[in-house]
Amino acid sequence: MSVDWSTSDVAGDDVPAVDLTTVDVTGVDLTADLGPNLQLPNPLMTASGCAANGKELHRFGDVAQLGAFVTKSVKRDPQSGRGTPRMAETPSGMLNSIGLQGPGIDAFVEHDLPWLKSVGARAIVSIAGASSGEFAEVARRLVAAPDFDAVAAIEVNISCPNVANRGLVFACDPASSTGVLRLVAPEVPSGIPLLAKLTPDVTDIVPIAEAALAGGAHGLTMINTLLGIHIDTERMRPHLFGTTGGLSGPAIRPVAVRAIWQVHAAMRAGRIPAAPIVGVGGVRTGQDALELTLAGASAIQVGTAIFNDPSAPWRVARELRDLLGQRGIPRYRDLVGAAHQN
Amino acid sequence: MSVDWSTSDVAGDDVPAVDLTTVDVTGVDLTADLGPNLQLPNPLMTASGCAANGKELHRFGDVAQLGAFVTKSVKRDPQSGRGTPRMAETPSGMLNSIGLQGPGIDAFVEHDLPWLKSVGARAIVSIAGASSGEFAEVARRLVAAPDFDAVAAIEVNISCPNVANRGLVFACDPASSTGVLRLVAPEVPSGIPLLAKLTPDVTDIVPIAEAALAGGAHGLTMINTLLGIHIDTERMRPHLFGTTGGLSGPAIRPVAVRAIWQVHAAMRAGRIPAAPIVGVGGVRTGQDALELTLAGASAIQVGTAIFNDPSAPWRVARELRDLLGQRGIPRYRDLVGAAHQN
Amino acid sequence: MTGRDTGVCQATARVAGNAPAAAYRHLTLDAPGIAQLAQPGQFVALTVGGPTSALLLRRSFSIHRVDPAAGTVEIVVSDAGPGTAWITRLDDGESVDIVGPLGRGFTLPDAPGAAVLIGGGYGSAPMFWLANVLRENGFAIHHVLGAASADRLFGAELADPADELIVTTDDGSQGERGWVSDPLPGLLERTGAKAVYACGPMGMLRAVTEIATAHGARAEVAVEEAMACGIGVCMTCVLPVVGADGVTRMSRSCVDGPIFDATTVRWDAVAGGRVAVPADCLGAPR
Amino acid sequence: MTGRDTGVCQATARVAGNAPAAAYRHLTLDAPGIAQLAQPGQFVALTVGGPTSALLLRRSFSIHRVDPAAGTVEIVVSDAGPGTAWITRLDDGESVDIVGPLGRGFTLPDAPGAAVLIGGGYGSAPMFWLANVLRENGFAIHHVLGAASADRLFGAELADPADELIVTTDDGSQGERGWVSDPLPGLLERTGAKAVYACGPMGMLRAVTEIATAHGARAEVAVEEAMACGIGVCMTCVLPVVGADGVTRMSRSCVDGPIFDATTVRWDAVAGGRVAVPADCLGAPR
Ligand SMILES: Cc1cc2nc3c(=O)[nH]c(=O)nc-3n(C[C@H](O)[C@H](O)[C@H](O)COP(=O)(O)OP(=O)(O)OC[C@H]3O[C@@H](n4cnc5c(N)ncnc54)[C@H](O)[C@@H]3O)c2cc1C
Ligand SMILES: Cc1cc2nc3c(=O)[nH]c(=O)nc-3n(C[C@H](O)[C@H](O)[C@H](O)COP(=O)(O)OP(=O)(O)OC[C@H]3O[C@@H](n4cnc5c(N)ncnc54)[C@H](O)[C@@H]3O)c2cc1C
Ligand SMILES: Cc1cc2nc3c(=O)[nH]c(=O)nc-3n(C[C@H](O)[C@H](O)[C@H](O)COP(=O)(O)O)c2cc1C
Ligand SMILES: Cc1cc2nc3c(=O)[nH]c(=O)nc-3n(C[C@H](O)[C@H](O)[C@H](O)COP(=O)(O)O)c2cc1C
Ligand code: FES
Ligand code: FES
């Protein structure tokens, strides 16, 4: 039983180019400005949990060519995640209920981070926890990693349940949001930006954004999925093993644009401190990326669209650049929040 | 200039049957049970604002054959609504920003209600206001109408902005929700159920449901639209004249199912008083209606799907009946919340 | 499903033809119920992409002409975005859900005379059918067809030889260089026409309205507002229109239009792709 | 777009054939990159409905066979829902976005002998190609094809005349009445086969696993878990699988499978269309 015919092993360095440089006849400057410590060659990132930790997607494009690669949220210990079904397709979207399956921070640091470094990716490591203490612990072990120099930023996924608060999602409560960031920030060297990832499932997202920034976040990632349920009408029970799931994909794009708009507007008006926003939610094309940018995002993540098109992050970057080129817009970063002026 | 070739005037009584009775070989009992004062021959209703006040849709099916006809939310005075564009198509959904355009309660009572009565419709009148006082005033004038006997229930659309509370939507705040219902309830004769219509744009919908019931609502309609924005990437400004709009259509169905599920679960667990739920959000087919029912809805409204198919409310009723017939399920009302048992 | 009673049909129409016409596609649809009911100026609304489509809303198209005997309805479609892209690619024999006829058509003046019919781009689609009806009622027809360039002109060859035909293009690639509104003052003076009909972009309709009014002619214009439902139930397609009582209301262009008496439209509220609510509109926010 | 380097291609494939095959459609797709790389047991993932589709996720299909010279990939598709409905209606010359080959294929035993290949419904699609490879490597092939009824059987006529072929149907409309697992014990005893390959529903795979194990044979099974991505990035397609270290992990069937050594799958966790996380699984909730 030793002959393995499979050829689906992931590639090493010999990666086919979905090359962002070869097609550049536009002269557009795609540099993304996410504050003094996070300047990226282009604004396109993967969304956490939609690209695993890089190896698999690297078969479809060079992850080092992305503005940044955002990893699957990692907790302290290994996580099995939930039973299946873990997903349901919904109109122009999907529900997922993975349960943050992952190897735990130690295995991540041992296997995944070195690989990301080896291919030259700018890694944004997404961390999660069931308590603010766990977040801090994950950050501490990450910072201690030999390959920590591959980490461009840390995304703090506070859109996950807080066991100490009846499972209420941290980012549903300003105090919990501040609390997580307050414990994480001291663990992380200055120069490494912290991005707080927010849920749209709140009555008002602006105070949550404010609370995360008050706790020490340098920027915000918006939005995580919306809580949803799909019922299996044949079996007359919830389709997902975990009952509820997170709604993502183009279906939710108007909600993402709205959340980004509201927070960026509050920043422009000086109601909350200014900070860069990373936009995510339903981006499938360069035009979608432009829409989130005009609403106030300084960089863009592509999630569910990857499942439809594994080369989506690179394609979106190209489409965005070509769109700007056609319109004679020289610099991407000039467009951030531009729709607030018109 | 007197010859008008137009034939698009709405019909009188001579309505073509999208007949719910003629095809009934299934023997399924579709009766919807919304409490002692609201028993309907079938669970299908129009959603407020998606069927105007009946005349126009009556060209595509007999509104008297629907479980109930829900009117566009009416305020005290005539409302011009907002400028245009008032809509944007989004993936599997749309944004609308009508601004509750309407004739005001007096004109409604003079023209629309008599028409609904004349065709034999069971009218559920949706009322709105910028203050709880306005809600009460609208209810008072409605109750005083000569044709009030055509009103089967009143839907109190508390998912609209409260001027006294910085424009915060009433249903975003438990106290405001209770407040509106407290003022409306005494205006309305007992025997006329009050349905409070909730927004999903809250951190936790259960306390809002509880607050509306505490104020005197007899049932809940869930959900209104989600707040969204679409940016016109050509003109680099918000596409809608009113900037924000309400997201509706199949895209939001998983959110509607989740909201209904949460509130029904809280009722089953005795955490809040039991009351009927009218489900709305993304219903396009009989299977969708079944999904909301299994989550806990005792009746179903069809909104945006009407724009795709003007005969959708009748078609969905037929599809639902046929689905039950095929599966040998004799009574629709037995399925309400059934997914909570499996 | 519905018949004469209600003046409107919903049907699954078979595509009986899809031919190029300038930069557009000329589609022929089997929809006998609609073919029998329709009048010039009315429109139809088509679904896009079948049951698994992410595009939920119908697309509206002026009826180019109908053949009640053959049971066909014809439309002229510009590939302007994802919905029209799908529609323009429909093959013969495929089917599409159609609702119509919708809206109010053009009205006929009481007394015959000269009539000027103006179409911008595919806006000329309904004008040849209208011309036929006017001609049958004793009118002398003067067509003005305009477009940005020759390839965006529709139907110059469809004008009856008995009618006058003036063509303009912005770039001069066919006919006179300039806008459709340029030849209008001279034409109105020369013909003494008191009836003007126009279909095309808002800017053109406004210019036509001003010129017609200045020459004592009555204009009817076909407006093209974004419509979510097309049947009068959603209130997205509104325009401020002055009523017989002098009061401005936000009127639905799908049921109160798309044909409006040009002077009743509050052109002052239209600007830059948006329409504001005039301050004196009934129920305007205070 | 990608080549041999990464072992996987994404391509726009032209449909070169779409023929009925029992209750299924047999599609031939022009995808030379995939045709060159694929091995039996691997699968491809197709998009559904074009750019305006509301169906975002790809649909996965076992590769029936490839022709590297012709550059074609063949699949057998059952019309089971909206996505497969669209795919089964693809016409010759239309195109579809395809990714593949995906997953790990079947593995070849070290020493030749008898091999039993079991396919339930369209699950037999990959088995004839596998049979060819096994035969070339000196194996004697015994096919068992089963289905609910004759119309759901696929490929009985594709078995090589040199191979044994047993057919079962639940209703007896073709072959022996009963399940595919019924003839298995006798067959294993008679042939002494130590290699079993199976593709079909979960219940069947579990039964095959138990019978094979009881007869000292090693079985490889092709599982069919719902997949959002098919390429290993989403973690939706998992199954509890025991590793070489004896530890159970939730393994991705799209990259660690879809072919698994049958005894490593935790069948005890599979019930009623759901798969639970075994309490002893790595990282199971406490
Ligand atoms: C009464 C009426 C008659 C029309 N007659 C014709 C005709 O004869 N031939 C023709 O080619 N087109 C006609 N149009 C315009 C046609 O409906 C739009 O071009 C089409 O809806 C665009 O859809 P899309 O998906 O291709 O573009 P998109 O821009 O992607 O459409 C997005 C959304 O905006 C709406 N929309 C976009 N452009 C327009 C527009 N110009 N008018 C109204 N809604 C728009 C769409 O309906 C859709 O809901 C008419 C429109 C109306 C209202
Ligand atoms: C590795 C693998 C190989 C497969 N090989 C074949 C094959 O050779 N021939 C064939 O006809 N089918 C095969 N299938 C099943 C096929 O992918 C599903 O029937 C199809 O996805 C159903 O899509 P739908 O839109 O028609 O149905 P729907 O039920 O509407 O699909 C809804 C969602 O559930 C998923 N889903 C539904 N049923 C299945 C299923 N049985 N397996 C996986 N996902 C499902 C869909 O992908 C989609 O995301 C295979 C599946 C996998 C995972
Ligand atoms: C399968 C799946 C898994 C996800 N896992 C994570 C995760 O681990 N951490 C996180 O912050 N977000 C996670 N998300 C949310 C995405 O990062 C993103 O915020 C969301 O899906 C909206 O973007 P999209 O519409 O582009 O997918 C996940 C989403 C999906 C679909
Ligand atoms: C154009 C439009 C107008 C609406 N107007 C109202 C309204 O006046 N009052 C109200 O309670 N809900 C209104 N709604 C919300 C619907 O009643 C419904 O709650 C929502 O659209 C979700 O259902 P759907 O997905 O079936 O459309 C409106 C929705 C649309 C699309
Ligand atoms: S398009 Fe809906 S009212 Fe006119
Ligand atoms: S399907 Fe996404 S990881 Fe397997």
Side-chain angles (χ1 to χ4, degrees), chain A residues 88 90-95 168-169 172-173 199-204 208 226-239 243-245 247 249-262 265 282 284 286-288 290-295 323 327 335 338-342, chain B residues 88 90-95 168-169 172-173 199-204 208 226-239 243-247 249-262 282 284 286-288 290-295 323 327 335 338-342:
Chain A
T90 68
S92 296
M94 66 175 284
L95 289 169
L168 186 73
V169 167
C172 283
D173 175 46
T199 172
D201 284 329
V202 291
T203 308
D204 186 358
I208 307 288
L226 278 73
L227 196 66
I229 293 184
H230 174 56
I231 308 276
D232 178 337
T233 54
E234 290 285 338
R235 298 180 189 260
M236 303 215 188
R237 68 179 187 202
H239 175 80
T243 304
T244 57
L247 183 64
I252 68 164
R253 196 169 62 236
V255 176
V257 173
R258 184 264 298 171
I260 295 164
W261 176 278
Q262 288 177 322
R284 191 177 180 179
Q287 185 156 313
D288 301 338
L290 180 56
E291 186 180 358
L292 271 63
T293 303
L294 294 168
L323 218 49
R327 302 203 190 159
L335 294 179
H340 291 258
Q341 292 150 5
N342 297 318
Chain B
T90 68
S92 296
M94 65 174 285
L95 289 169
L168 186 74
V169 168
C172 282
D173 176 47
T199 171
D201 284 328
V202 292
T203 308
D204 186 358
I208 308 288
L226 277 73
L227 196 67
I229 293 184
H230 174 57
I231 308 277
D232 178 337
T233 54
E234 290 285 337
R235 298 181 189 260
M236 303 214 188
R237 69 179 188 201
H239 175 80
T243 304
T244 57
L247 183 64
I252 68 164
R253 196 170 61 236
V255 176
V257 173
R258 184 264 298 170
I260 294 164
W261 176 278
Q262 288 177 324
R284 192 176 179 180
Q287 185 156 314
D288 301 339
L290 180 56
E291 187 180 358
L292 271 64
T293 302
L294 294 169
L323 218 49
R327 302 201 191 161
L335 294 180
H340 291 259
Q341 293 150 4
N342 298 319

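Numbers restart at 1 for each chain; the letters A, B, ... are given by sequence-line order, proteins then strands.
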Gap separating the NE2 atom of His230(B) from the CE atom of Met94(B), nearest 0.5 angstrom: 12.5 Å
Closest approach of Trp261(B) to Pro238(A) (non-hydrogen atoms, all atoms of both residues): CH2-CG, 3.4 Å
Among Thr233(B), Val257(B), Val202(B), residue most engaged with chain A (heavy-atom pairs, under 4.5 Å): Thr233(B)
Leu226(B) portion near chain A, given a 4.5 angstrom heavy-atom threshold: side chain
Interchain contact, Arg235(A) with chain B, by part (heavy-atom threshold 4.5 Å): backbone
Among the listed options Arg237(A), Arg253(A), Met236(A), the residue most often paired with chain B at heavy-atom distances under 4.5 Å: Met236(A)
Top of Leu323(B), Ile231(B), Leu292(B), Thr244(B) for chain A proximity - count of heavy-atom pairs under 4.5 angstrom: Ile231(B)
Contact class of Thr243(A) relative to chain B, heavy atoms under 4.5 angstrom: side chain
Pairwise distance OG1(Thr203(A)) to CG(Leu168(B)) - rounded to 0.5 angstrom: 8.0 Å
Under 4.5 Å from a heavy atom of chain B, the part of Gln341(A) involved: neither
For chain A, the option from Ala295(B), Pro254(B), Ala259(B) that forms the most heavy-atom pairs under 4.5 Å: Pro254(B)
Pair His239(B)-Leu95(B), side chain to side chain contact (heavy atoms under 4.5 Å, CB included): steps then yes or no: CA-CA 10 Å; His239(B) 175 80; Leu95(B) 289 169; over 6 Å; no
Nearest non-hydrogen partners of Ala251(B) and Ala251(A), listed with the distance: CB-CB, 3.6 Å
Close side-chain approach of Arg258(A) to Asp201(B), heavy-atom, < 4.5 Å: yes
Contacts of type side-chain hydrogen bond (donor to acceptor under 3.5 Å, both in side chains), residue Asp232(B), not counting sequence neighbours: none
Contact winner vs chain A - Cys172(B), Gly245(B), Ala88(B), Ser92(B), heavy-atom pairs under 4.5 Å: Ser92(B)
Interchain contact, Leu247(A) with chain B, by part (heavy-atom threshold 4.5 Å): side chain
Region of Leu335(A) that comes under 4.5 Å of a non-hydrogen atom in chain B: side chain
Arg284(A) versus Pro250(A), closest heavy-atom pair with distance: CD-CG, 4.2 Å
